[in-house]
Amino acid sequence: MSRPLTEQEQIRREARQDLEAFGVNPYPYEWTVDAHAAEILDTYDDDAHDPAGEGTDPLRVSVAGRIMGRRVMGKASFFDLQDSTGTIQVYIRRDDIAEGRDFYNKVFKKMLDIGDLVGVTGEVFRTHMGEVTVKADSLQVLSKALRPLPVVKEKEGEVYNEVTDKEFRYRQRYVDLTVNPEVREVFKQRTQIIRTLQRFLDARGYLEVETPVLQPIYGGAAARPFITHHNALDMPLYLRIADELYLKRLIVGGFDGVYEIAKDFRNEGLSRFHNPEFTMLELYVAYKDYRWMMELTEEMIAHTATELHGTTDIRVGDEDISLATPWRRLSFFEGLRNATGIDLRGADRESLLRVAEANDLEVDPALGKGKLYDELFGELVEPTLIQPTFVVDYPVELSPLAKRHRKHGDEGIVERFEVIINGRELCNAFSELNDPQDQRERFEEQVRLKEAGDEEAMRAVDEDYLRALEYAMPPTAGLGVGIDRLVMLLTNQDSIRDVILFPLLRPEQPQEEAATEAEAADAEAADAEA
RNA sequence: GACUCCGUAGCUCAGUUGGCAGAGCAGCUGGCUUUUAACCAGCGGGUCGCAGGUUCGAGCCCUGCCGGAGUCACCA
């Protein structure tokens with residue numbers, strides 16, 4: 001399994017040995033950090049802190065971070081130290097550091113490299129060139145890097161040798177985060193967005209809960225699942241494709257509002273907008289309907305944007321988008337009528353196929369009505385909806401868990417909305433179906449679709465869920481929000497891989513080699529069990 | 001899954017008609033005590049994604065495979 005080392009890797013391994021020979025532990029145990037780069041740059045004041053000034057009180061700091069650049073000038077050097085907050089320059093002089101001349105000449109100049117982690121103590125001053133700098137009086141190696149870090153330089157806003165290779169960046173996210181600091185910002189914002197949503201929902205008294213990832217019957221969405229197996233029970237289990245059915249059981253159980261921010265898993269293709277595991281917010285509130293949920297949704301998203309950016313006006317790609325409330329409402333069939341000139345309420349399969357053809361859409365003629373509606377709307381209407389829009393009142397065929405419309409139920413319409421922003425679906429919500437008999441019929445229709453070949457239809461009637469409904473579930477409003485897409489929208493990232501720290505990629509090892517290793521691991525596991 | 005484009009040094013990239021594989025940064029040696037893409041002098045570093053084929057000769061042309069990006073399909 002040994003890999004030939006590059007020249008630079010060999011040199012760094014030698015340096016590591018040289019450090020040990022010199023009596024320096026290349027991997028010591030701790031360092032006291034009492035200041036960070038951003039804070040030092042922010043607080044340093046020439047009048048108050050200049051060590052050369054009269055009556056000043058020098059600012060002493062102890063910092064730690066990664067060496068990102070070195071400028072060695074004989075008996076004195078500068079280097080850039082990057083920590084979690086930014087980068088600060090360090091000035092180190094042969095005759096000024098506590099560790100002595102040998103340490104400077106041999107350890108600092110010969111054994112340390114870009115990429116190494118070091119700790120520095122010293123006083124902060126401003127150089128002739130005007131840069132706030134820590135003048136090191138002590139330097140300690142904190143962790144020796146054995147691989148060369150890509151060196152990115154910058155001058156007057158121009159970035160040189162920026163690491164741009166997407167594959168490199170996704171596979172070695174640790175390097176990406178180190179050399180592209182703006183990537184860290186995106187992920188900090190991701191966390192901030194999720195926290196804001198949690199605080200918003202917590203403030204309204206809704207309970208954040210956890211429901212099973214491993215499910216004997218999957219449901220709550222139309223998607224193909226990942227299948228796994230439980231050894232002790234000797235039964236198949238599915239990784240959840242949605243939290244919906246479990247959360248609604250909790251509403252039956254008496255909670256007024258529950259939500260979960262969780263990973264769902266769908267065994268489908270990868271793309272700029274799809275990762276096999278992704279994060280969903282699902283929220284269910286008792287005694288409310290989808291109209292109420294619309295108001296909550298727009299308020300929640302607008303609030304999240306404001307918390308993040310201080311405004312509801314955001315720039316996404318080439319579009320200026322306003323998340324200010326209230327958002328436009330457009331009925332599903334009105335949208336279709338605007339696009340096709342035809343009122344398609346209650347249309348049969350054949351006429352939907354004709355409309356598809358008339359609009360140059362290639363569709364599988366075997367598709368059911370629900371899928372056809374979905375196809376037409378997705379192709380003809382969705383891409384035109386840039387500003388936030390509630391699309392309301394969907395056909396029943398598309399929505400097996402939504403309640404029939406209170407006025408137009410007879411026309412095959414349910415109380416459901418989706419939020420479309422920048423041409424993409426962001427949220428999905430309905431007045432939840434709580435009539436157990438109606439729900440059973442919808443499930444059975446799904447099973448028929450499944451048997452007719454629709455791979456995404458639900459494969460089994462969830463009898464326990466129906467049992468729960470039979471104990472009576474209150475009228476309930478439910479909402480799902482695609483968190484990854486929300487983060488993409490609010491951070492202006494055009495690929496889901498740029499808002500997921502470790503997106504799924506094919507393994508870089510050759511398949512055969514990986515397979516052999518997996519077999520070996522399985523054999524080992526079997527031995528251990530025996 | 002289909003199609004298009006891409007894969008050359010640690011990083012960013014050149015590479016002509018098929019004719020000795022290059023640059024900048026990084027690295028190594030030496031010099032330089034306020035530099036900042038530090039600078040000056042010198043030196044090393046390559047399975048050109050992998051495997052075949054065509055050819056006197058392939059980084060370059062052809063075929064297959066691997067990996068990535070994009071578009072489409074499915075989905076959120």
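We name chains A, B, ... by the order of the sequence lines, and we start the count at 1 in each one.
- With hydrogens and angles left out, the side chain of Glu7(A) and the base of G44(B) share a donor-acceptor pair within 3.5 Å.
- Set against U35(B), A76(B), U12(B), the side chain of Thr164(A) has U12(B) as its closest nucleotide.
- Set against U33(B), C11(B), U34(B), the side chain of Arg94(A) has U33(B) as its closest nucleotide.
- Atom C1' of nucleotide C66(B) and atom CD of Glu167(A) are separated by 10 Å, given to the nearest angstrom.
- Contact annotation for Leu505(A): backbone-only contact, meaning every heavy-atom pair under 4.0 Å involves sugar-phosphate atoms and none involves a base.
- Listed pair Arg506(A) / C66(B) fails the phosphate criterion, with no side-chain N or O lying under 4.0 Å from OP1 or OP2.
- Between Glu260(A) and Arg240(A) a salt bridge is recorded (basic side-chain N to carboxylate O distance below 4.0 Å).
- Residue Val179(A) is classed as having no contact, given no heavy-atom separation below 4.0 Å to the nucleic acid.
- Figure legend: Arg416(A) and Tyr394(A) shown as a cation-pi pair, the cationic atom lying under 6.0 angstrom from the six-membered ring centre and within 45 degrees of its axis.
- Between Arg70(A) and U35(B) there is no side-chain N or O to OP1 or OP2 distance below 4.0 Å.
- Taking atom C1' on both nucleotides, G24(B) is separated from A9(B) by 12 Å, rounded to a whole Å.
- Annotation: of the two residues near RNA chain B, Lys75(A) and Pro148(A), the 5′-most nearest-nucleotide partner is Pro148(A).
- For the OP1/OP2 pair of C28(B) and a distance below 4.0 Å, the side-chain nitrogens and oxygens of Lys110(A) include no atom meeting the criterion.
- For U35(B), neither phosphate oxygen OP1 nor OP2 lies less than 4.0 angstrom from any side-chain nitrogen or oxygen of Arg71(A).
- On a pure distance criterion of 3.5 Å, no polar donor-acceptor pair joins the side chain of Glu154(A) and the base of A37(B).
- Rounded to whole Å, the separation between the C1' atoms of C13(B) and U17(B) comes to 23 Å.
- Nucleic acid contact for Gln172(A): none, since no nucleic acid atom lies under 4.0 Å from a heavy atom of the residue.
- At the phosphate of C6(B), neither OP1 nor OP2 sits under 4.0 Å from any side-chain N or O atom of Lys166(A).
- Nearest nucleotide to the Tyr170(A) side chain, out of A69(B), C25(B), C28(B): A69(B).
- Closest-nucleotide positions on RNA chain B for Arg126(A) and Val152(A) were compared, and the one nearer the 5' end corresponds to Val152(A).
- Proximity note for Gln89(A) (side chain, C-beta onward) versus C28(B), U35(B), G10(B): the nearest is U35(B).
- Put simply, the side chain of Glu131(A) and the base of U34(B) share no donor and acceptor less than 3.5 Å apart.
- Tyr218(A) pairs with exactly one of Tyr238(A), Phe226(A), Tyr246(A), Phe265(A) by the ring-ring contact (aromatic ring centres under 6.0 Å, His included) rule, that one being Tyr238(A).
- Below the 3.5 angstrom threshold, one finds no donor paired with an acceptor across the side chain of Glu162(A) and the base of U12(B).
- Residue-to-nucleotide contacts include no donor-acceptor pair under 3.5 Å from the side chain of Asp165(A) to the base of G68(B).
- Across all strands shown, the partner of C5(B) is G68(B), judged by Watson-Crick or G-U wobble contacts whose two distances both fall under 3.5 Å.
- Taking the P atoms as reference points, G19(B) lies 34 Å from G27(B), given to the whole Å.
- Residue Arg272(A) has a polar side-chain atom (N or O) positioned under 4.0 Å from OP1 or OP2 of U71(B).
- Taking atom C1' on both C25(B) and G67(B), the two are 26 Å apart, rounded to the nearest angstrom.
- A stacked arrangement is not assigned to Phe78(A) and the six-membered base ring of A38(B), the conditions of a centre distance below 5.5 Å and an interplanar angle below 30° not being jointly met.
- Cation-pi check for Arg328(A) over Phe390(A) is not met; the charged atom does not lie both under 6.0 angstrom from the ring centroid and within 45 degrees of its normal.
- With sequence neighbours excluded, no residue satisfies side-chain hydrogen bond (donor to acceptor under 3.5 Å, both in side chains) with Ser331(A).
- Distances from the side chain of Met129(A) to the nucleotides U35(B), G44(B), C74(B) place U35(B) closest.
- A cation-pi contact, defined as under 6.0 Å to the ring centre and within 45° of the axis, is absent between Arg329(A) and Phe417(A).
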